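Beneath this line is the structure, given in structure tokens, with notes to follow.
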Amino acid sequence: MNKFKYSILSAGIAAMGLMTGACADSFLDVSSKTESNTENFYKTEGDAWRALIGCYDGWRQISSSPGVGFYVASTVLSDECYGATGQGDGYGYQAMDGFDQSKSPSDQNLFEQDWKVYYAGVYRCNELVTHEEQIAWESEANRSLYMGECRAIRALLYFDMVRLWGNIPLFLEPANENREQADPTEVYNAIVADLKFAADNIPAGANKATSDNGRITRYAAEAMLARVYLFYTGYYGKDLEGLTKSEVIAYLDDVVANGGYELVKDFKSLWPAASLVAAEGKNEWDPELSTYAGSANSEFILQQKFTPTQDYNGNNDSNRWQVMMGMRSLNFCPYGKGWGAATVTPAYVAKFGNGDPRLTASVINLAGEGVSASPDYSTSVKDWREFTGFCVKKYSPIAFPDGLNASRPDGSGDFQITNSQDWVIMRYADVLLMVAELGGTPSMTAQAALDAVRARAGLASVPATFENVMNERALELAFEGHRYWDLLRQGIDKVAEAVASTAGPVKNGGVNASVSYDRSKIIATKGLSQIPLNQIILSNGVLKQNAGWE
């Protein structure tokens with residue numbers, strides 16, 4: 001086994017122990033079975049269930065394990081945020097934000113841990129798919145359900161990877177070889193096949209119970225097919241084999257007509273940091289003033305689940321990269337401290353205009369909300385790079401009035417590793433905006449879909465043109481990991497234009513500075529990120545670096 005193959009696959013092989021750590025009060029809560037291996041496993045339906053939990057856990061690891069994290073990267077790559085972080089940190093986030101290796105020449109393995117955990121997750125899914133026929137299934141219904149979920153997870157992993165890196169090896173079996181990068185279209189065909197399988201095999205009512213929150217439903221797979229279609233046809237400028245526009249519209253119509261989803265009444269109630277209010281003088285949330293709708297609300301279609309149980313011994317169950325969104329070493333209830341990445345650009349704040357309530361629900365205005373009056377504020381700013389005075393509120397960690405991390409009710413959570421807010425992968429507002437973009441479905445017109453999203457925000461109707469829909473996506477879905485991909489599917493020039501337009505003044509360590517971008521470097525990458533150099537070296541040159549990062 002050469003080193004490259006071990007680097008990609010060993011974590012997946014080791015994962016056949018099937019869990020790393022416990023995840024309480026969740027469908028992910030199963031016992032570790034370290035004695036299991038591929039020789040004595042995959043015999044019973046119970047084995048299949050445990051293997052499926054391993055697949056979900058493998059998916060969770062993309063946000064629980066050390067690495068950049070796809071959703072944080074997606075936010076930094078867009079015009080929403082600068083890379084930021086601390087004055088004493090390296091400049092990897094600046095290289096990522098500017099698509100410019102020269103900003104941090106030594107950071108050529110920024111995404112290496114991400115590469116490893118993604119392929120480890122794929123390996124887990126491939127093991128279950130490969131061994132499906134040898135399992136003594138007790139129920140064909142469970143067989144269809146479990147295998148539908150497994151293949152949807154594999155599709156989610158590959159969709160992140162192929163968007164981030166573009167040119168990646170494709171493994172649809174637990175192979176152990178040094179494989180060349182596949183044509184991206186081949187990867188997308190596999191994604192479509194997996195999501196269609198999930199949509200066809202997961203029963204309509206399956207995984208809809210609160211106890212199954214976070215499991216993939218038929219409607220999640222259908223909505224993801226629409227997202228895949230829109231990105232591929234936009235970025236590559238051609239039809240996607242095996243998935244037509246009429247099919248996508250039918251899938252979205254099923255979500256709208258039969259999914260049972262609806263927008264929550266108050267936008268801010270979707271986000272803990274925007275809707276939790278501490279009880280006076282107590283380390284607890286006021287039940288009368290707090291409006292958080294919880295993770296099992298009517299709008300969330302699919303979330304990546306976490307619990308505050310991570311430790312420093314390799315047990316990864318928390319939302320490890322939420323801490324990057326926190327204000328730099330600064331608590332101000334309900335906002336918890338973190339490492340100050342992804343400061344919001346003033347240009348993006350300006351997009352909301354006046355009177356859009358989604359601004360105050362999405363962005364922390366440190367001066368406007370009194371954070372700047374904190375005694376720790378000056379120290380924080382002096383340790384903060386690319387400080388703008390604005391931070392992401394949707395995914396801010398949360399803290400009690402005395403500064404204790406609020407990921408656990410007793411305040412015992414480690415602020416670095418026990419944040420547990422879900423990453424929201426798909427919500428109903430996104431579905432409505434895709435319906436509007438595609439011209440409507442039999443159950444809902446494009447105009448009605450756009451109007452519903454705007455009405456929730458208290459905004460008047462505007463025509464359902466492509467430009468208006470994209471503008472609405474920029475505000476409704478801000479900082480949720482979608483904006484960059486929405487820009488990129490309109491062309492790399494659109495990315496360059498949007499990112500370059502955010503250039504402007506910041507403070508580095510409290511001193512006036514500025515952020516600038518080289519449009520030519522952005523365009524040279526075609527919007528793709530750097531493949532880890534170590535993986536290229538370990539492959540003996542079989543892997544090729546993406547353009548613009550050589």
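Quick caveat, the model's predicted, so the values are computed rather than measured. Excluded from the calculations below are hydrogen atoms, water molecules and symmetry mates; all remaining heavy atoms, backbone and side chain alike, are included. Throughout, residue positions are numbered sequentially from 1 according to the sequence presented.
Annotation: cation-pi pair R483/Y348 absent, no NZ/CZ under 6.0 Å from the ring centroid and within 45° of its normal. Geometrically, R163 engages F159 in a cation-pi contact, judged by NZ or CZ lying under 6.0 Å from the ring centre and within 45° of the ring axis. Seen from the ring of Y261, K208 counts as a face-on cation partner, given the 6.0 Å and 45° thresholds.
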Are Y82 and D97 close enough, and set up right, to give a side chain to side chain donor-acceptor pair (under 3.5 Å), and what steps lead you there?
CA-CA 6 Å; Y82 297 133; D97 180 36; over 6 Å; no
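For K394 (side chain) and A361 (main-chain N/O), no donor-acceptor pair under 3.5 Å exists by modelled atom type. Without hydrogens or angle criteria, D286 side chain to V277 main chain gives no donor-acceptor distance under 3.5 Å.
Ring geometry for F300 versus W271: interplanar angle of 30 to 60°, hence tilted.
Aromatic ring centres of W339 and F415 lie closer together than 6.0 Å.
Of the inter-residue distances, the one linking S362 atom OG with K393 atom NZ reads 8.5 Å to the nearest 0.5 angstrom. Here the CG atom belonging to L366 is positioned 5.5 Å from the CH2 atom belonging to W384, to the nearest 0.5 angstrom.
The pair E472-R358 meets the salt-bridge criterion, with a side-chain N (NZ, NE, NH1 or NH2) lying under 4.0 Å from an Asp/Glu carboxylate O.
A ring-ring contact (aromatic ring centres under 6.0 Å, His included) with W423 is found for one member of F70, Y71, F479 and no other, namely Y71.
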